[in-house]
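Remember, predicted model here, so these are calculated numbers, not experimental data. Chain letters run A, B, ... following the sequence lines, proteins first, then strands; residues in each count from 1.
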Protein chains: 2
Amino acid sequence: MDETATSAPAQGRGDDATEPTFATQSEAAYHRIREAIITGQLAPNEKLLLDGLRERFRFGTSPLREALSRLAADRLVIARGQRGFRVAPISEEEYRDIVNMRLLLEPEALQRSIANATLAWEGNVAAAFHRLSRVESALDRAPDDSGGIWEHENQRFHFALVENCGSPWLLNFITALADQAERYRRPAVEMRAVPMERLIQEHKALFDAAMSRNATLAAELLKVHIRNAASHLSKALFHAGDDAAGGQAIEAGNEQA
Amino acid sequence: MDETATSAPAQGRGDDATEPTFATQSEAAYHRIREAIITGQLAPNEKLLLDGLRERFRFGTSPLREALSRLAADRLVIARGQRGFRVAPISEEEYRDIVNMRLLLEPEALQRSIANATLAWEGNVAAAFHRLSRVESALDRAPDDSGGIWEHENQRFHFALVENCGSPWLLNFITALADQAERYRRPAVEMRAVPMERLIQEHKALFDAAMSRNATLAAELLKVHIRNAASHLSKALFHAGDDAAGGQAIEAGNEQA
DNA sequence: ATTCGCAAGAACTTCGATATTTTCGCGGAA
DNA sequence: TTCCGCGAAAATATCGAAGTTCTTGCGAAT
C-alpha cells in the first residue's frame with residue numbers, strides 16, 4: 001500500500017475544510033501518522049518499522065523520526081531506545097482512566113466557558129451543534145459513518161463547548177484526551193455500539209443548557225453524556241459476549257438528569 | 001561554554017541518585033535540554049540555534065532535532081516550521097493558568113492517592129517528607145538552594161503524595177505542570193520570595209493529614225499550600241515594585257485551614 | 001527620508017550512507 | 001529435548017553533506 005497526500009497547497013473546495021499545508025516534512029508526517037493512529041489505520045500496538053513507514057507514507061527517515069518523537073510525547077506512540085517505535089496499545093484499563101479524566105476536566109471547562117460566554121462563542125457552539133445535528137439525523141436514518149464525518153463533527157461540537165474556558169492548558173489536556181478517546185470510539189461507532197437516538201437527545205439537552213447559560217446543569221449533562229457513551233462503548237469493545245454486569249468503575253456517578 | 005555530561009554508565013556514588021544512562025543520544029539530549037530549560041540555563045524565549053546547541057551540548061543534529069520535537073510536544077519548546085526552535089516563553093498569564101490547573105488536578109489526585117493508600121505508599125511519602133524536612137531546616141538557617149536540592153526534594157514530596165492516585169493520565173498531566181511550574185519557581189526561590197518557615201509548616205500539616213488518611217483535609221491543605229506559594233511567587237516575579245493589590249485571580253479560594 | 005528589491009549569508013531541513021544494536025535462526029552441548 | 005551461544009540478517013540511530021528557506025543589509029528608486 002502507498003498513500004501519498006501531504007503538501008501541495010490544495011486549492012478551494014466547496015467545503016470549509018481548508019486542507020492544511022505544512023511548512024516541513026516533519027509536520028506533515030506528524031499529522032499524517034497521528035491521523036492514521038487515531039483512525040486505526042495503524043493498529044494499536046503495531047510495530048512501526050521505519051522502512052515500512054518510508055515506503056507507505058513516502059517520508060524520509062529524519063522527518064519520520066521527528067514525527068514519531070512528537071507522537072511519543074503525545075502518548076500515541078511508544079518509543080523504546082534502540083528498539084524503535086510502536087503504536088501505543090489500548091486497554092480497558094486505560095480507557096477507564098481516560099474517561100475519568102474527561103469527567104474531571106470537560107465539565108470544569110464547560111462551566112468556565114459558560115462563565116466567560118460571549119456572543120461569538122455562542123455562535124460557534126450553535127454552528128457546531130447545527131452541523132452535528134445534520135450529520136446525526138442523516139446517520140440515524142442510514143447508520144454508516146464511513147468518512148468519520150460524525151466523528152469529526154462530534155469532536156468539533158464538544159470542543160466548541162469548552163473552547164471558551166480561557167485556559168490553554170486545560171484545552172491542551174482535553175484535546176489530548178479526545179485524541180486518545182477517538183481511538184476507542186471509532187471502532188465502537190462502526191459497531192453501532194451507541195444508540196444514536198439517545199446521543200442526539202443528550203447533545204440537544206447539552207446545547208440548550210449551554211445556550212441558556214446554566215453552567216451547573218450543562219456540566220452535569222456533560223458528565224452524564226460522557227458516562228453514558230463510555231459505558232455503551234466499553235461494553236461493546238471489551239465485554240462483547242458478557243452477560244449483565246455494568247461497565248466497571250467509571251467514577252461513582254451521582255445521576256440526576 | 002561547553003558542557004558534556006551524558007552517557008557513560010556512571011558507576012556507584014555514595015548517593016541514591018542513580019545517574020541515569022540513556023539508550024540513545026536523542027534521549028540524552030532530551031533530558032539534558034529539558035533540564036536546562038527547567039532550571040533556566042536556557043532562558044525563556046531564547047532562540048535555540050542548532051549550531052549553538054551542537055557546540056554547547058555536543059550532540060549531533062539529528063538527536064537534537066528529535067529532542068526538540070519531543071520538548072515541543074511537552075510545551076517546553078516552541079517549534080516554528082522553517083524557523084527553528086525557541087524556549088517557550090513565560091508569562092504571568094500562563095503562570096496563573098498553570099496554578100489553576102494544579103489546583104484542579106493535584107488535590108483530586110491526592111484524594112485518590114489516600115483512597116488507595118497502602119503501606120508502601122505511606123512509606124514513600126514518609127521518606128520523601130523526611131528528606132524534604134532535612135533540606136528545609138538546613139535551608140531555613142542558611143538560605144541558599146544552589147544545587148536546586150530543595151527544589152528537587154520539594155518536587156519529590158509533592159509527587160509522592162499524588163503518586164498513588166491510580167491514574168497514569170492524571171500523573172502525566174501533573175508532572176507536565178510541575179515541570180512548567182518549576183521554571184517559575186526557580187528564580188523565585190533564589191530571590192527568597194517565599195518565606196521558608198510557612199512552607200515548612202504547610203508541608204508538615206499536609207503530611208500529617210495524608211498520614212492520618214484524612215482525604216478532604218489533605219486536599220484542602222494542598223490547595224491552600226499551592227495558592228499560598230503561588231501568590232508569594234507571583235508577587236515577587238511579576239509585581240516586584242508594586243504596592244498592595246493581591247496577586248490577581250488565582251481561583252476564588254475558600255480559605256478555611 | 002523611506003521603501004522596495006535583491007543578493008549574500010545564515011539557519012533550518014532533509015537526504016543518503018555508515019555504524020551500532022537488536023533480532024532471529026541454527027547447530028551443538030548438556 | 002531443551003538450552004545456550006554464535007553469526008547472519010534486519011532494524012535502529014547517527015553523522016555529515018547538500019538543498020531549501022529565511023534573514024539581513026545594502027543600494028536604488030520614489
Side-chain angles (χ1 to χ4, degrees), chain A residues 1-9 20-34 36-37 42-43 45-73 76-88, chain B residues 1-9 20-34 36-37 42-43 45-73 76-88:
Chain A
M1 193 183 288
D2 163 70
E3 8 188 326
T4 306
T6 45
S7 44
T21 176
F22 302 107
T24 67
Q25 296 278 88
S26 291
E27 286 173 35
Y30 170 74
H31 288 286
R32 182 68 190 79
I33 296 178
R34 171 187 205 207
I37 291 174
L42 291 170
N45 212 39
E46 180 176 343
K47 181 78 209 289
L48 294 170
L49 280 269
L50 286 180
D51 287 319
L53 297 177
R54 271 203 3 237
E55 177 67 22
R56 178 167 175 184
F57 296 112
R58 304 287 164 168
F59 289 109
T61 358
S62 318
L64 276 177
R65 289 187 59 87
E66 286 176 29
L68 292 171
S69 298
R70 284 181 66 177
L71 289 166
L76 286 168
V77 156
I78 306 292
R80 296 188 55 193
Q82 303 288 20
R83 241 160 279 191
F85 303 88
R86 47 182 57 231
V87 178
Chain B
M1 192 182 288
D2 163 71
E3 10 187 326
T4 307
T6 45
S7 45
T21 178
F22 303 106
T24 67
Q25 297 277 86
S26 291
E27 286 174 34
Y30 171 74
H31 288 284
R32 183 68 189 80
I33 296 178
R34 171 185 206 227
I37 291 174
L42 292 170
N45 211 39
E46 180 176 343
K47 181 78 211 287
L48 295 171
L49 280 271
L50 269 303
D51 288 318
L53 296 177
R54 273 206 357 241
E55 177 67 22
R56 178 168 177 185
F57 296 114
R58 304 286 162 170
F59 289 109
T61 327
S62 319
L64 277 177
R65 287 186 60 86
E66 285 175 30
L68 293 171
S69 298
R70 285 182 64 178
L71 289 165
L76 286 169
V77 156
I78 306 293
R80 295 187 57 195
Q82 303 290 19
R83 238 159 282 194
F85 303 87
R86 47 182 56 231
V87 178

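Rounded to the nearest 0.5 Å, atoms CZ (R65(B)) and CG (L48(B)) are 12.0 Å apart. Rounded to the nearest 0.5 angstrom, R70(A) CZ and L68(A) CG are separated by 11.5 Å. Separation of atoms CZ (R32(A)) and CZ (F22(A)) is listed at 10.5 Å; rounding is to 0.5 Å. We find the CD1-NZ distance between I78(A) and K47(A) to be 13.0 Å, quoted to the nearest 0.5 Å. Here the CG-CZ distance, from L76(B) to F85(B), works out to 13.5 Å after rounding to the nearest 0.5 Å. One distance of note links CG of D51(A) with OG1 of T61(A); it measures 8.5 Å at 0.5 Å rounding.
The nucleotide whose nearest atom lies closest to any side-chain atom of Q82(B) is, among dT23(C), dT13(C), dT14(C), dT13(C).
When rounded to the nearest whole Å, the span between CG of L49(A) and P of dT22(C) equals 17 Å. Look at CG on L50(B): it is 7 Å from P on dT13(C), rounded to the nearest Å. Atom pair I78(B):CD1 and dC12(C):C1' shows a separation of 17 Å (rounding to whole Å applied). Put simply, CG on L64(B) is 16 Å from C1' on dT14(C), counting in whole angstrom units. Atom CZ in F85(A) sits roughly 15 Å away from atom P in dT22(C) (whole-Å rounding). In this entry the distance linking CZ of R80(B) with C1' of dA11(C) reads 14 Å, nearest Å.
Residue R54(A) is classed as having no contact, given no heavy-atom separation below 4.0 Å to the nucleic acid. Nucleic acid contact class of L48(B) (heavy atoms, under 4.0 Å, all strands): sugar-phosphate only.
At least one donor-acceptor pair closer than 3.5 Å links the side chain of R86(B) to the backbone N or O of N45(B). At least one donor-acceptor pair under 3.5 Å links the side chain of Q82(A) to the backbone N or O of A23(B).
R56(B) has its side chain within reach of L42(B): a pair of non-hydrogen atoms, C-beta onward, lies under 4.5 Å apart.
A nucleotide of DNA chain D counts as in contact with chain B when one of its atoms lies under 4.0 Å from a heavy atom; the first and last such, 5' to 3', are dA13(D) to dT23(D).
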Expected rows: protein N/O vs nucleotides 15-19 of chain C N/O, under 3.5 Å:
from: dC15(C); atom 1: N4; to: S62(A); atom 2: OG; distance (Å): 3.2

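Proximity of R65(B) to the phosphate of dT13(C): a side-chain N or O atom is located under 4.0 Å from OP1 or OP2.
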